[in-house]
Visitor: 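The structure that follows is given in the form of structure tokens.
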Amino acid sequence: MDNNLQIPQRILMGPGPSNVHPRVLEAMSRPMIGHLDPVFLEIMDENMKLLRHIFGTKNRLTLPISATGSAGMEATLCNLIEPDDDILICVNGVFGMRMSDIVDRCGGKLHTVEAPWGRIIDPQSVADKLKDVKPKLIAIVHAETSTGILQPLTEIAELAKAHDTLLVVDCVTSLCGTAVNLDELGIDAAYSGTQKCMSCPPGLSPVSFSDRAINTIHNRRTKVPSWYLDMGMISQYWGDDRAYHHTAPISMNYALNESLKIVCEEGLEARYNRHSLHSQALAEGLSTLGIERIAQEGFRTPMLTSVSVPNDVDEATVRSQLLHNYNIEIGGGLGAFKGKAWRIGLMGETCRKENVISLLTALGEILPKKSTNEAIQTAESVYNTN
Ligand SMILES: *Cc1c(COP(=O)(O)O)cnc(C)c1O
């Protein structure tokens, strides 16, 4: 009997995970060693160093939390928030909502600035809110994966600085796909996930805390409500003490190490340019098929293209045909976009011309009365002029 798992080879064009380079998969199959083995300690140190590079920071406290992106969100918020703290969350999609839920669970006093789905948070509305509340912390999502919005951060970072407020940024989808410069912007805490533009399997959540954020944690009146996500204990484990806290996922750290090396070999600028080029070719090809983007013009994420589903098709049926007949996964809409949108990811390894062409070809064949050739020609012309 064949006991091997049979896993199909998919093109992962959803909101994550993205396709993983064979070198990363191979790294995960290396021998198991102990989590205090000197060889593993070196990998931990190197992972921290490489993460500082991609986050654009010198922050000493930069490491991968042993869990997915949401754990990074929870770690960041629950270490910085204490009961009754005023907290300002910017909400224009699923992940702002998730942050708000965590603020409630930490006992913080939740204040929000909102924008409709598919639009950015207007810095002016944050400025207005800051006339009424003096929050300890402002949190905002950089690339809102539920809507396809890329949030400009400069003005909001200036507001946070002027009001002496900590700034927390969700970089789960943006990191390694578009510039994230924590130190340049003055971001105090950020978290990410490995399975989006880093093209590593899901399972680790890189986080980074500035000295100001670390001081805030040191000066807490109350214990961090989560034992597992207590950054004080986690930093002792990742620091010189190597004080046992939990067992770091060994193979996932091999994978992270390899994927960060692949990112560095390509170079961050080249990687950002690759994401913008292919997303432009995709969007213009889709437009030829009558599929238009729904996120606010001028503020669209390169790594996730959100589009309206044409009126004459059933969105779930098309996704199922793509998966079963073409091995292509794309995402459906969430929340306000449920049933109305597709979310097409071009993250990390997935972000390649052949995948753009495969999806345009498949959609041209599936959708009624559409021409694959025209869509591909349009995408090709983007490639030819860039
Ligand atoms: C994917 C994502 C998360 C959550 O990460 P998980 O790895 O699914 O826990 C948080 N924020 C954003 C913007 C995301 O895209």
Side-chain angles (χ1 to χ4, degrees), residues 12-20 51 54-55 63-78 89-103 105 115 117-121 139-153 156 167-180 182 187 189-208 226 228-229 249 252 255-256 259 275 279 295 299-306 329-337 341-348 350-351:
L12 298 176
M13 301 182 84
S18 55
N19 285 115
V20 175
L51 287 175
I54 61 168
F55 268 126
L63 53 80
I65 297 275
S66 304
T68 70
S70 304
M73 180 190 290
E74 191 140 27
T76 309
L77 295 175
C78 83
I89 306 289
C90 300
V91 184
N92 56 350
V94 163
F95 296 103
M97 289 166 63
R98 189 172 294 182
M99 291 198 285
S100 303
D101 188 354
I102 294 175
V103 171
R105 287 164 192 260
W117 283 54
R119 301 196 67 81
I120 59 163
I121 298 289
I140 192 160
V141 178
H142 191 197
E144 219 341 316
T145 324
S146 61
T147 64
I149 278 291
L150 184 66
Q151 175 69 42
L153 296 173
I156 289 169
L167 178 62
V168 171
V169 179
D170 177 318
C171 301
V172 176
T173 288
S174 57
L175 192 65
C176 289
T178 193
V180 171
L182 300 189
I187 294 167
Y191 56 88
S192 189
T194 44
Q195 78 273 25
K196 313 242 170 150
C197 294
M198 236 173 276
S199 265
C200 186
L204 292 174
S205 175
V207 295
S208 186
S226 164
Y228 190 67
L229 298 174
M252 272 309 301
L256 178 62
S259 61
H275 281 83
S279 68
F299 303 98
R300 293 163 175 162
T301 55
M303 65 289 291
L304 186 115
T305 302
S306 54
E329 176 183 270
I330 65 167
L334 294 176
F337 285 174
W342 285 318
R343 293 178 303 144
I344 306 172
L346 282 174
M347 301 181 182
T350 304
C351 185

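Below, each value reflects all heavy atoms present in this structure, side chains not excepted, and no hydrogens, waters or symmetry copies. Numbering of ligands and ligand atoms starts at 1, following listing order.
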Visitor: Does Lys196 have a non-hydrogen atom less than 4.0 Å from ligand 1?
Guide: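 Contact check Lys196 vs ligand 1: positive.
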Visitor: Could you tell me whether ligand 1 has any atom less than 4.0 Å away from a heavy atom of Ala143?
Guide: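 Judged by the 4.0 Å heavy-atom criterion, Ala143 does count as contacting ligand 1.
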Visitor: If I compare all heavy atoms of His275 with all of Cys197, which pair ends up nearest, and what's the gap?
Guide: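 Looking at all heavy atoms of both residues, the closest pair is NE2-SG, 3.8 Å.
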Visitor: What part of Gln195, side chain from CB on, backbone N/CA/C/O, both or neither, has a heavy atom under 4.0 Å from ligand 1?
Guide: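 The answer is the side chain.
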Visitor: Hey, which atoms in ligand 1 end up nearer than 4.0 Å to a heavy atom of Gly69?
Guide: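 Ligand 1 atoms under the 4.0 Å threshold to Gly69: 5 (O), 6 (P), 7 (O), 9 (O).
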Visitor: Enumerate the atoms of ligand 1 whose separation from the nearest heavy atom of Thr145 is less than 4.0 angstrom.
Guide: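 Listed by number with element, the hits are 12 (C), 13 (C), 14 (C), 15 (O).
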Visitor: Kindly give the heavy-atom pair with the smallest separation between Val141 and Gln151, and that separation in Å.
Guide: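 Where Val141 meets Gln151 most closely, the heavy atoms are O-CB, 3.3 Å.
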Visitor: Would you call Ser70 a ligand 1 contact, heavy-atom distance under 4.0 Å?
Guide: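 The answer is yes, since Ser70 has a heavy atom less than 4.0 Å from ligand 1.
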Visitor: Taking all heavy atoms of Cys171 and all of Val180, pick out the closest pair and write down the distance.
Guide: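 So the two residues come closest at SG-CG1, 3.7 Å.
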Visitor: Scan Met97, Met99, Arg105 and name whichever one has a side-chain contact (heavy atoms from CB on, under 4.5 Å) with Asp101.
Guide: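 When side-chain contact (heavy atoms from CB on, under 4.5 Å) is applied between Asp101 and each of Met97, Met99, Arg105, only Arg105 qualifies.
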Visitor: Scan side-chain atoms only and decide if Ser306 and Thr147 contain a donor-acceptor pair under the 3.5 Å cut-off.
Guide: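 No, no side-chain donor-acceptor pair sits under 3.5 Å.
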Visitor: Search all heavy atoms of Pro17 against all heavy atoms of Pro202 and return the closest pair with its distance.
Guide: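 What the structure gives for the nearest pair is CB-CD, 4.1 Å.
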Visitor: Please list, in number order, the atoms of ligand 1 under 4.0 Å from a heavy atom of Phe95.
Guide: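 Checking each atom against Phe95, I get 2 (C), 3 (C), 4 (C), 10 (C), 11 (N), 12 (C), 13 (C), 14 (C), 15 (O).
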Visitor: Taking the minimum heavy-atom distance to atom 11 (N) of ligand 1, which of Thr173, Asp170, Thr68 ranks first?
Guide: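 Going through Thr173, Asp170, Thr68 one by one, Asp170 has the nearest heavy atom to atom 11 (N) of ligand 1.
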